[in-house]
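Input: a single structure, listed below in structure tokens.
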Amino acid sequence: MNDQNNRNNDRRPEGRQGRTILVILLAALLLTVVLNSIFSSVANAYQTEIDYSDFIEMLENDELDSVQFQSDRIMILTKEEAAKELTARQTYYTGLIDNLPLTGLTEQLEAHGVEYSAHIEETMSPILSFMLTWVLPIAAMYLLFSLLMNSMSKRMGGGGLGGIGKSHAKVYMEKETGVTFEDVAGQDEAKESLVEIIDFLHNPKKYTDIGAKLPKGALLVGSPGTGKTLIAKAVAGEAKVPFFSISGSDFVEMFVGVGASRVRDLFADAQKVAPCIIFIDEIDAIGRTRDSKFGGNDEREQTLNQLLAEIDGFDSGKGVVILAATNRPEILDKALLRAGRFDRRIVVDRPNLAGRYQTLRVHTKNIKLAEDVDLNKIAQATAGAVGADLANLVNEAALRAVRHGRKTVNQEDLLTSFEVVIAGTEKKGTVLTDTEKRIVAYHEVGHALVAAMQKHTQPVSKITIVPHTSGALGYTMQMPEEEKFLSSKEELLTELQTLLGGRAAEQTVFGVQTTGAANDIERATDLARKMITQYGMSDKFGLMALSTVSNPYLDGSTMMNCADDTAAQADAEIKQLLETCYEQAKAVLIENRALLDEIALYLLQKETITGDELMAFVNHDKPQLPEGEEAAEEKTEQTEE
Ligand code: ADP
Ligand code: ZN
């Protein structure tokens, strides 16, 4: 039944195509008429028809130079025109009246001294004239037409007239990608989650025999250039299976119905060569939430529906795995993320220091480096850069070395290209200066330390100063030990202090207030307001609810529900509560200043630290820096001497 539907979809572009053909034919016809009239008017511009009597009059007035008899007319050249030296002379002509020459015209011409001649018609062979009048125009027409159709179908990705929707112009198939996990630097977590899929592609039978169902697809989530495509290719390379790739944005510009049939063809082809990998880049282009608010996009929806149908339809036991990439998972249609579809999410993060170092190593593998090159330093300077930036940086450096006529790439090449590739572009926002990095590090450790020093707190699981796609320059992640639905007043107070710990650290250490705390402050204020106006947690108002949730099912927005001056008092209470918590957070940090410095320094070096590492510091059991990084530290100091 599904198939039936698809067939119907296919017909739609053909209907459109019929109309297009008609339009083209009409246009060609119009063009011919216009061109024809233009040509003939050009040809006629220098020829004027006159009456026979005028001709005789001119002849009798001795105005004529010469005449030429043609099959149907007499061409006339006046003396005046003949005297002109121009190539294009004005000529006149008049109709040739049958047998007139015999009635004494020639004698008359002779009497007036006018030269006369006859024009021999170039008679064409009937075949030639047939060719010229029929075959040639038709052939030209056909040529023009097929050229047009060709370029049109290219735009649609079709393969000529009959092949609409049956083409693979933009589906790329690689029998062997030749990429392995070794080519992917860092991203260990992502690789780990894909190992199982590789094993499955190697030997689907092992899984199907036992009755296990493997996920049909996984979603690779991460900023552009973090290596999602590379990882997908590496999965195919590791499993030694073919790799089909297509980009979601290609579908958007297509004619209605083409996208859907393209998806169908893609899956049909993939199943023929299974096991294999289908990679859909930028899946958000087709997989965006289907909303009818703006009328929706018919083509995108059809393509998405077809994709969903194909994913559900194929037998996962065959060994087809779909990997899709996006940097905006939040806008994807929920249907895509449902169980049995892209239910696995693999985060491909921006690399931290170690990751960037490894990426630089991978990309300088085949590059001749000078003695003075210190990749660790480059890695340190490029916080926030993604793999693609680093690959680009290395290449730019190599080009610079060649321009300078050197045989090896030196540190200066790398540093200069860093400025060209990253610092000088819009990527600047994600690469922090050293001072900014220090502030962000203290800010994040401020959150974490305040949290760690309290009793009623959720453990910190990760602190990072690697900028995030969302624009956050760093973040501290707290993980509740178990899912909680109730929070006590103490817990909420701790949460407030933790939220304000970031700003408290900035203020304590640097004496500055930065914009980085904006989100914290917003969240803290929101929480404080709820505590006082909704949760009955203020001594002043006690159990009185001052606001009501106006729409609990939608966004949960609230409405103040009290007298104006009560509302003003509530605001004062909220301010008071926030100030108290802020002071408490500050006190914690001042008291533990040494610890704060120690952890912040460690975070600056590692960029990402785990909750365990944090707790080790808090319990005075300092974790060791990995050896390579300590060595790099020493080296840096040496070069600075
Ligand atoms: P995405 O698909 O996430 O936008 P790509 O996979 O297209 O990013 O990455 C572009 C290029 O950047 C890759 O071809 C590779 O050269 C480089 N690159 C990105 N991430 C890495 C990485 N982790 N290791 C090595 N090279 C990388
Ligand atoms: Zn913060």
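If you're wondering where the values come from, they're calculated on a predicted model, not measured in any experiment. For ligands, and for the atoms within them, numbers begin at 1 and follow the listed sequence.
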Should Asp183 and Lys233 count as an ion pair when the cut-off is N to O under 4.0 Å? no
Regarding Gln513 and Gln507, is there a side-chain donor-to-acceptor distance under 3.5 Å anywhere? yes
Strictly under 4.0 Å, does any heavy atom of Pro224 approach an atom of ligand 1? yes
Check this for me, if you would: do Glu196 and Arg344 make a salt bridge, where the nitrogen-to-carboxylate-oxygen distance has to be below 4.0 angstrom? yes
Minimum non-hydrogen distance to atom 20 (N) of ligand 1, winning option of Thr226, Leu360, Val348: Thr226
Short check: any N/O/S atom of Asp520 below 2.8 Å from the Zn ion (ligand 2)? yes
Atoms of ligand 1 less than 4.0 Å from Gly387 heavy atoms? 12 (O), 17 (C), 18 (N), 19 (C), 20 (N), 21 (C)
Nearest heavy-atom approach of Asp284 to Ala325 is OD1-O, 4.3 Å
Please state which protein non-hydrogen atom is closest to atom 2 (O) of ligand 1 and give its distance, to 0.1 Å? Thr229 OG1, 2.5 Å
Return the closest protein heavy atom for atom 4 (O) of ligand 1 as residue, atom name and distance. Gly225 N, 2.7 Å
Under-4.0 Å salt bridge between Lys228 and Asp281: no
Which residue and atom name correspond to the protein heavy atom nearest atom 23 (N) of ligand 1, and how close is it? Ala185 O, 2.9 Å
Using distance alone, decide if ligand 1 has a nitrogen or oxygen within less than 3.5 Å of any nitrogen or oxygen in Lys228. yes
Is any side-chain N of the basic residue among Glu495 and Arg523 closer than 4.0 Å to the acidic one's carboxylate O? no
What's the shortest distance from atom 14 (O) of ligand 1 to any protein heavy atom, and which residue and atom give it? Leu230 CD1, 4.2 Å
Under 4.0 Å between heavy atoms, the region of His363 that gets near ligand 1 turns out to be side chain
Does the side chain of Phe510 reach to within under 4.5 Å of the side chain of Ile439, using non-hydrogen atoms? yes
With a cutoff of 4.0 Å, is Asp183 in contact with ligand 1, counting heavy atoms of the residue only? yes
Any side-chain heavy-atom pair of Leu336 and Arg341 under 4.5 Å: no
Judged by modelled atom types alone, do Tyr582 and Gln497 share a side-chain donor-acceptor pair under 3.5 Å? no
Atom 8 (O) of ligand 1: the protein heavy-atom neighbour that sits closest, reported with distance to 0.1 Å: Gly227 N, 3.2 Å
Return the closest protein heavy atom for atom 12 (O) of ligand 1 as residue, atom name and distance. Ala388 CA, 3.1 Å
Using a strict cut-off of 4.0 Å, indicate which atoms of ligand 1 neighbour a heavy atom of Val184. 23 (N), 24 (N)
